[in-house]
Amino acid sequence: MIGTRWLGIVFGSLLAALGFAGGAFAQAKTPVVGVPHDWQMGFPASYTLLMEHVASLHDLLLVIITLISLFVLALLLYVMWRFHASRNPVPTTTTHNTVLEIAWTIIPILILVVIAIPSFRLLYYGDKATDAAMTVKVTGHQWYWQYEYPDQGNFSIDSRILAEADRAKLKPDQPRLLAVDEEMVIPANTVVRIIGTAADSMHGWTVWGFGIKKTVIPGRLNEGWIDVPKEGIYFGQCSQICGNAHSYMPVAVRVVSKADFDKWVAEKKKAAGLLPATSVASANPTLTK
Ligand SMILES: [Cu+2]
């Protein structure tokens with residue numbers, strides 16, 4: 001992303017000079033952080049270590065692919081010039097060159113090894129949570145998301161895009177076509193295991209800033225994890241064509257402090273009838289876990 005990052009810096013400075021810097025959400029005093037901006041180039045900002053690793057692998061690949069493209073372009077131009085009919089009227093009959101053949105086999109293999117090592121490392125890093133503090137089960141439905149909290153009493157919430165009427169008068173923290181009625185809520189600085197499945201067709205649970213993109217499939221459980229240090233609201237979208245309202249099932253994740261998360265959990269448990277009438281949640285650690 002070195003190239004795109006530079007382009008972004010150049011364009012960003014130009015726009016700043018013209019007074020257009022920052023989208024509405026960058027200036028609004030809302031906790032919305034993980035949302036696309038006008039004129040954004042390259043990847044969305046990284047909000048997890050996983051997404052930082054994704055971006056740096058992309059940077060490495062961009063350097064490698066640029067060097068290879070320039071090398072091939074230079075070779076082509078040289079061949080066109082050096083072996084032009086006017087400069088080379090009698091072509092050579094050479095068909096084999098052992099040294100060259102070994103070189104053009106070995107060098108690409110080495111390049112692939114250089115790419116494979118960080119690539120596999122990243123794949124396994126994002127694959128499974130080794131020490132998750134809690135789990136959220138994500139189920140994709142046509143066309144909304146359902147989040148279950150098995151470690152907090154097993155209540156569940158449904159997350160749907162805002163109703164048509166609410167979409168007409170959006171609040172500052174409700175970006176168009178991304179805001180939902182109920183966000184998934186998780187505590188900050190906590191390793192959260194994501195278990196994903198689907199009820200009908202395949203869906204894709206994707207949050208750009210987290211670097212997570214889990215295809216969820218009926219009858220299967222797919223695993224991933226997130227650990228978000230910064231509180232705020234982050235957005236994503238279903239990334240698997242899943243039917244006619246595919247583009248109307250955004251992903252919204254609210255990352256809050258641990259205390260706020262416990263409060264939210266208590267509220268949800270109460271609403272689901274999981275708490276006794278007189279709240280003893282605070283006295284019983286197993287309930288507030
Ligand atoms: Cu979907």
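We count residues from 1, following the sequence as given. This is a predicted model, so every value here is computed, not measured.
Residues Pro250 and Val180 form a side-chain contact, since some pair of their non-hydrogen atoms from C-beta on lies under 4.5 Å apart. Side-chain atoms of Thr139 and Val216, non-hydrogen and from C-beta on, never get closer than 4.5 Å to each other. Using a 4.5 Å heavy-atom cutoff, the side chains of Trp208 and Pro36 are in contact. Contact of the Gln152 side chain with the Phe261 side chain is registered, since non-hydrogen atoms from C-beta on lie closer than 4.5 Å. No side-chain heavy atom of Ile65 sits under 4.5 Å from any side-chain heavy atom of Leu61. Contact annotation: the side chain of Ile226 never approaches that of Val207 to less than 4.5 Å [non-hydrogen atoms, C-beta and beyond]. Contact annotation: the side chain of Arg254 never approaches that of Asp260 to less than 4.5 Å [non-hydrogen atoms, C-beta and beyond]. For the pair Ile68 and Ile64, the minimum side-chain heavy-atom distance is below 4.5 Å.
Panel note: side chain Asp158, backbone Gln146; no donor-acceptor pair is recorded below 3.5 Å. Under the 3.5 Å distance criterion, the side-chain polar atoms of Thr206 are left unmatched by any main-chain donor or acceptor of Cys238. Checked by atom type and distance alone, the side chain of Thr190 pairs as donor or acceptor with a backbone atom of Ala188 at under 3.5 Å. Judged by distance alone, the side chain of Asp173 and the main-chain N or O of Val32 form no donor-acceptor pair under 3.5 Å. No donor-acceptor pair under 3.5 Å is formed between the side chain of Asn222 and the backbone N or O of Lys214. The closest donor-acceptor contact from the side chain of His141 to the backbone of Asp200 lies at 3.5 Å or more, if one exists at all. Looking only at distances, a side-chain donor or acceptor of Tyr47 sits under 3.5 Å from a matching main-chain atom of Val33. Arg87 places a side-chain N or O within donor-acceptor distance of the main-chain N or O of Trp81, the cut-off being under 3.5 Å. Judged by distance alone, with hydrogens and angles left aside, the side-chain atoms of Ser159 form a donor-acceptor pair with the main-chain N or O of Glu182 at under 3.5 Å. Side-chain atoms of Gln237 do not come within 3.5 Å of backbone N or O of Ser247 as any donor-acceptor pair.
Considering every non-hydrogen atom in both Met249 and Trp145, the closest pair reads O-NE1, 2.9 Å. In terms of heavy atoms, Met51 sits closest to Pro44 at CE-O, 4.3 Å. Nearest heavy-atom pair, Ala45 versus Gln40, reported as atom, atom and distance to 0.1 Å: N-NE2, 4.4 Å. Between Leu60 and Pro118, the closest heavy-atom pair is CD2-CG, 3.9 Å.
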>> Quick one, Asp227 with Leu49, criterion side chain to side chain contact (heavy atoms under 4.5 Å, CB included). Give me CA distance, side-chain angles, the key distance, then yes/no.
In response: CA-CA 8 Å; Asp227 182 0; Leu49 216 51; over 6 Å; no

>> Show, in sequence, the C-alpha distance, side-chain angles and deciding distance for Leu162 and Leu170, and conclude whether the side chain to side chain contact (heavy atoms under 4.5 Å, CB included) test is met.
In response: CA-CA 9 Å; Leu162 286 185; Leu170 293 169; 3.7 Å; yes

> Could you go step by step and tell me if Val185 and Tyr147 meet the side chain to side chain contact (heavy atoms under 4.5 Å, CB included) rule?
Replying inline: CA-CA 9 Å; Val185 178; Tyr147 301 111; over 6 Å; no

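Ring planes of Tyr234 and Phe210: tilted class, angle from 30 to 60°.
When ring centroids are compared, Phe155 and Trp264 come within the 6.0 Å threshold. For Tyr125 and Trp225, the ring centers are positioned less than 6.0 Å apart.
Pro229 meets the side-chain contact (heavy atoms from CB on, under 4.5 Å) test with Asn189; sequence neighbours excluded.
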